[in-house]
Amino acid sequence: MKIGILTSGGDCPGLNAVIRGAVLKGIAIHGHEFVGFLDGWRGVVEGDIINIPRTMVRGIAKQGGTILGTSRTNPFENGGGPEVIKAHMDRLGIDAIIAIGGEGTLAAAKRLTDAGLKIVGVPKTVDNDLDATDYTFGFDTAVQIATEAIDRLRTTGESHHRCMIAEVMGRHVGWIALHAGMAAGAHAILIPEQKVSIEQITEWVQEAHDRGRAPLVVVAEGFVPEHMETPHSERGLDTFGRPRLGGIADQLAPELEARTGIETRATILGHIQRGGVPSAFDRVLATRLGMAAIDSVVEGYWGTMVALKGTDIEHVGFEKALGQLKTVPQNRYDEAAVLFG
């Protein structure tokens, strides 16, 4: 069998480990042949591929990014669609596709599967917001990077007796903010799932300052304060028509400084969180998911993705993965809030 692999959407640490796991098991156990679609769905729509021999995946598990490139191309636009993609697959002799990506990628994969294409998915998102899997690769690395950066902000904040605000990724969910904030000992964690007033944030900051601490606030980019209706966005729309988020920390900093009199600085971590080498946890998880994706292909589990449940890898339908986002539950936030102020 000849299998095409693509990585689509935002990059994150662990993509190369998935590719390696799939290729090594596919070749060693089943004798499959592999090609890679370049730059996500763009390569699928245009039939732009490269061969992936076993030698090509040697040592790539520890590399960040993706050797195949990625994009946010919509496979149903710009001359795409199931008929065009099927024609390319037939011409190139490709029997099935392994699509590695987040909600947008898997939604496109479901539509194409419904149209008759043979596709299995591997979930990828640093936000850890896909409901059908306990964890996605890239999340652990993003949390580790954010935690290290916040630790560094804390030391300079303490030196200057400042309040420091660290903005991390998290469009709809606050998993990165919650985990990194707890790990770094934040005095307030602000996430999209929780409406918090500026008065409450001010109180937490003031309490920490009154105890002789340099207040530390961790905020997800999608956090909406109680007095706002929508997340802060000043950079227009992305290719899917969604607002480009970022900058809520810069909005909070002058407001908190005015209310408390504490010199306040904001830092937006941005794409630093999704770059660099994957953590050991993400390398192992990504490798296991890649190997499990080959099992899905061999068994003909089209229209499914591989998912982590506890410590086991399972196969779940795209519709379950796309049903709803995995948000931070109230009890997890309440658990963290005990440490605020």
Start with the C-alpha distance between V173 and N128, add both sets of side-chain angles, then the distance that settles side-chain contact (heavy atoms from CB on, under 4.5 Å), and finish with yes or no.
CA-CA 8 Å; V173 303; N128 196 42; over 6 Å; no
Between V284 and F137, does a side-chain contact (heavy atoms from CB on, under 4.5 Å) hold up when you go through it step by step?
CA-CA 9 Å; V284 173; F137 67 88; over 6 Å; no
Please report the C-alpha distance between K118 and D95 in whole Å, then the side-chain angles of each, then the deciding distance to 0.1 Å, and finally whether the salt bridge (charged side-chain N to carboxylate O under 4.0 Å, His left out) criterion is met.
CA-CA 7 Å; K118 296 179 178 179; D95 301 292; over 6 Å; no
Evaluate salt bridge (charged side-chain N to carboxylate O under 4.0 Å, His left out) for D129 paired with R171, printing each intermediate quantity in order.
CA-CA 10 Å; D129 60 1; R171 170 178 289 272; over 6 Å; no
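In terms of modelled atom types and a separation under 3.5 Å, the side chain of R154 and the main chain of G185 share a donor-acceptor contact. Side chain of R283 to backbone of P278: a donor-acceptor contact under 3.5 angstrom is found. Using modelled atom types, no side-chain atom of K2 and backbone atom of A96 make a donor-acceptor pair closer than 3.5 Å.
Here I198 contributes atom CD1 and L252 contributes atom CG; the two are 5.5 Å apart, rounded to the nearest 0.5 Å. The NE2 atom of H271 lies 12.0 Å from the SG atom of C12; values are rounded to the nearest 0.5 Å. Here the straight-line distance linking atom CG of D131 with atom CG of L325 works out to 8.0 Å at 0.5 Å rounding. Taken from CG in L112 to CD1 in I97, the straight-line distance is 7.5 Å, to the nearest 0.5 Å. Note that CZ of F223 is 6.5 Å distant from CD1 of I248, once rounded to the nearest 0.5 Å. To the nearest 0.5 angstrom, E263 atom CD is 4.0 Å from R162 atom CZ.
A132 and A307 make their closest contact through O-CB, 3.3 Å (heavy atoms, listed as atom of the first residue, atom of the second, distance). The minimum heavy-atom distance linking Y135 with H179 is given by the pair OH-CE1, 4.1 Å. Residues V306 and P123 approach most closely at O-CD, 3.0 Å, considering heavy atoms. The two residues T147 and A180 make their nearest non-hydrogen contact at OG1-CA, 3.5 Å. Across all their heavy atoms, A336 and I189 have their closest contact at CB-CD1, 4.4 Å. Nearest heavy-atom pair across F76 and P82 is CE2-CD, 3.8 Å.
Within the structure, salt bridge (Lys or Arg N to Asp or Glu O under 4.0 Å) contacts touching residues 98-108 (residues at least two apart or in different chains) do not occur. Counting only residues at least two apart or in different chains, side chain to side chain donor-acceptor pair (under 3.5 Å) contacts with residues 301-320 comprise S296-H315. Sorted by first and then second residue, the pairs that involve residues 46-70 and meet salt bridge (Lys or Arg N to Asp or Glu O under 4.0 Å), not counting sequence neighbours, are R42-E46, R42-D48.
With sequence neighbours left out, the side-chain hydrogen bond (donor to acceptor under 3.5 Å, both in side chains) criterion links K110 to D114. Residues passing the ring pair (Phe, Tyr, Trp, His ring centres under 6.0 Å) test with F281, sequence neighbours excluded: none. Residues passing the ring pair (Phe, Tyr, Trp, His ring centres under 6.0 Å) test with H32, sequence neighbours excluded: H30. Partners of R332 according to the salt bridge (Lys or Arg N to Asp or Glu O under 4.0 Å) rule, which considers only residues two or more places apart in sequence or in another chain, are E335. A search for side-chain contact (heavy atoms from CB on, under 4.5 Å) contacts involving P254 returns nothing, not counting sequence neighbours. Residues meeting the side-chain hydrogen bond (donor to acceptor under 3.5 Å, both in side chains) test with T105, sequence neighbours left out: S8. Under the rule for a side-chain hydrogen bond (donor to acceptor under 3.5 Å, both in side chains), R111 has no partner lying at least two apart in sequence or in another chain. Here H88 pairs with R91 under the side-chain hydrogen bond (donor to acceptor under 3.5 Å, both in side chains) rule; sequence neighbours left out. Checked against salt bridge (Lys or Arg N to Asp or Glu O under 4.0 Å), R152 has the following partners two or more places apart in sequence or in another chain: E148.
Between the side chains of Q330 and E193, not a single donor N or O lies within less than 3.5 Å of an accepting N or O. Using a 3.5 Å distance cut-off with no hydrogens or angles, the side chains of T70 and D11 do not pair a donor with an acceptor. Donor-acceptor pairing under 3.5 Å is lacking for the side chains of D140 and Q144. Side-chain contact, T141 with D282: a donor N or O sits under 3.5 Å from an acceptor N or O.
R213 has no carboxylate O lying under 4.0 Å from a charged side-chain N of E207, or vice versa, which leaves the two without a salt bridge. Under a 4.0 Å N-O distance rule, the pair R259/E257 does not qualify as a salt bridge.
Put simply, V298 and I100 are part of the same group of oily side chains (I, L, V, M, F, W, Y) that touch within less than 4.5 Å, one to the next. M305 and V126 are members of different hydrophobic clusters when ILVMFWY side chains are connected at heavy-atom separations under 4.5 Å. No continuous path of hydrophobic side-chain contacts links V35 to M56 [ILVMFWY only; heavy atoms under 4.5 Å]. A single hydrophobic cluster is seen to contain both L216 and V143, as judged by linkage of ILVMFWY side chains at heavy-atom distances under 4.5 Å, directly or through other members.
Here the rule is side-chain contact (heavy atoms from CB on, under 4.5 Å) with L68, and of I19, L15, D39, N16 only I19 fits it.
Heavy-atom neighbours of K326 NZ from other residues, nucleotides or ligands within 6.0 Å: above the threshold of 12.
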